[in-house]
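Atoms within a ligand are numbered from 1 in the order they appear, just like the ligands themselves. Computed from heavy atoms alone, side chains included, the values below leave out hydrogens, waters and symmetry copies. Counting from 1, the numbers follow the sequence of the chain as shown.
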Amino acid sequence: MNLEQKVRDAFKSRFAGQPAMIVRAPGRVNLIGEHTDYNDGFVMPMAIDRSVWIALRPAQGRRVTVHSLDFDKRDSFALEGLQKNQSKWLEYLKGVAWVLQEAGYTLAGWEGVLTSDVPIGAGLSSSAALELATARAFQAVSGFDWEPKKMALLGQRAENKWVGVNCGIMDQLISAAGKAGHALLIDCRSLDCQPAPLPAGVAVVILDTATRRGLDSSAYNERRLQCETVAKFFGVKALRDVDVATFEARQGELEDVFRRRARHVITEDDRTLKAAEALRRGDIGALGRLLDASHASLRDDYEVSCQELNAMVDCARDAAGCLGARMTGAGFGGCAVALVEEARAEVFAQSVTANYEKAVNLKPHIYVCQAAEGAEARPA
Ligand code: GLA
């Protein structure tokens with residue numbers, strides 16, 4: 001059963017009545033441009049055909065009541081006097097309610113049933129999908145306009161200020177503004193989004209290592225601080241403002257670890273722009289090589305990969321039909337992504353599954369994904 005049907009049916013049995021609307025917000029896979037968003041740089045993610053779904057109807061009083069099918073738990077909160085507490089999944093919804101109200105939106109209460117097929121902690125942005133689905137739910141019952149960029153910024157603010165993870169804008173923006181059949185080249189300073197059509201005959205394959213990154217954001221925050229330190233050294237607002245030539249001319253003045261962190265970000269911005277050009281020209285070979293180079297840079301210079309991600313990327317590259325592969329998302333576990341000749345995708349998946357299992361003794365989860373549309377709401 002698809003998830004839309006699942007939340008619709010569950011709503012009827014849990015809330016004794018029909019839902020008024022269905023909202024959906026997708027997870028994402030980032031094709032290239034990793035750890036560049038918080039440096040005001042460039043990213044090229046696509047929204048995927050895995051989403052958070054909510055079936056809901058407006059409720060009496062200013063209260064939100066949600067039944068999570070995945071946690072088999074019902075919880076609720078009042079829109080007045082919001083307080084943080086420990087209940088994990090509900091905090092994302094409360095955080096979104098808090099930022100929307102802080103931004104001046106008048107919110108109505110609702111009751112709903114929620115489920116998701118975006119794996120948690122896998123680097124596919126399950127939290128951004130939950131934030132944007134929540135924003136969509138509030139928009140649908142409260143009747144304000146849906147402005148994807150504004151909602152993405154508020155979702156990011158909820159993550160930064162309520163959940164306490166200091167993430168950039170990529171995940172929320174692609175979940176809000178994704179375009180079916182396309183990746184988006186996003187300028188994370190201006191938030192300009194350029195749709196880049198995915199080439200015919202090429203499959204985007206998600207390679208889940210079956211390892212999960214802990215929610216410890218200290219390594220992530222440490223990378224951010226290192227980047228900010230180097231930006232100060234160059235006298236610019238963010239590393240986005242340093243080009244490869246300027247970096248090379250002065251890199252000898254930097255301490256080794258700072259030099260490597262900055263080299264990753266600066267060359268990754270360059271690779272991302274080149275990847276968008278390669279897509280425009282239909283040069284898939286060049287695109288694949290840029291993905292490979294991105295992985296090496298994340299592994300050696302930025303040091304956010306791990307043994308399982310490296311093993312997965314190696315297995316992918318050894319398999320027939322692979323055009324390029326890299327870890328995707330924040331790193332430290334989760335998923336890699338590969339571009340694969342479509343006609344060989346099935347055999348590719350079988351061979352990578354067998355070889356990865358042999359290499360690390362974990363069962364991976366490998367699937368071809370489609371580029372989906374961003375968050376939407378429709379009458380049930
Ligand atoms: C996480 C963050 C994003 C981005 C990536 C790394 O997904 O939420 O903002 O920084 O890591 O590219």
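Looking only at atom types and distance, the side chain of Asn30 has no donor-acceptor partner in the side chain of Thr328 under 3.5 Å away.
Without hydrogens or angle criteria, Glu34 side chain to Gly329 main chain gives a donor-acceptor distance under 3.5 Å. Not one N or O on the side chain of His295 forms a donor-acceptor pair closer than 3.5 Å with the backbone of Ala293.
Between Asp171 and ligand 1, at least one N/O pair is under 3.5 Å apart. Ligand 1 has a nitrogen or oxygen under 3.5 angstrom from a nitrogen or oxygen of Gly168. Some N or O of Tyr220 is nearer than 3.5 Å to an N or O of ligand 1, by distance alone. Taking only nitrogen or oxygen atoms, main chain and side chain alike, Thr36 does not reach within less than 3.5 Å of ligand 1.
Here is the list of ligand 1 atoms found below 4.0 Å of a heavy atom in Tyr38: 10 (O). Distances below 4.0 Å separate heavy atoms of Cys167 from the following atoms of ligand 1: 2 (C), 8 (O), 9 (O). The distance from ligand 1 to the heavy atoms of Arg28 drops below 4.0 Å at these ligand atoms: 7 (O). Taking a cut-off of under 4.0 Å to the non-hydrogen atoms of Ala330, the atoms of ligand 1 that pass are 1 (C), 11 (O).
Under the 4.5 Å side-chain criterion, counting only non-hydrogen atoms from C-beta, Arg74 is in contact with Thr65.
For the pair Arg259 and Phe247, the cation-pi test (distance below 6.0 Å, angle within 45°) is failed. Within the cation-pi definition used here (under 6.0 Å to the ring centroid, within 45° of the axis), Arg57 does not qualify as a partner of Trp110. A cation-pi geometry, defined here as NZ or CZ lying under 6.0 Å from the six-membered ring centre and within 45° of its normal, does not hold between Arg63 and Phe77.
The shell of residues lying under 4.0 angstrom from ligand 1, judged by heavy atoms, excludes Glu268.
Aromatic rings from Tyr92 and Trp162 are positioned such that their centres are separated by 6.0 Å or more.
If you check which protein heavy atom lies closest to atom 5 (C) of ligand 1, you get Met170 CE, 3.8 Å. Ranking the protein heavy atoms by distance from atom 9 (O) of ligand 1 puts Asp37 OD2, 2.5 Å first.
Heavy atoms of Gln172 found under 4.0 angstrom from ligand 1: none, in either backbone or side chain.
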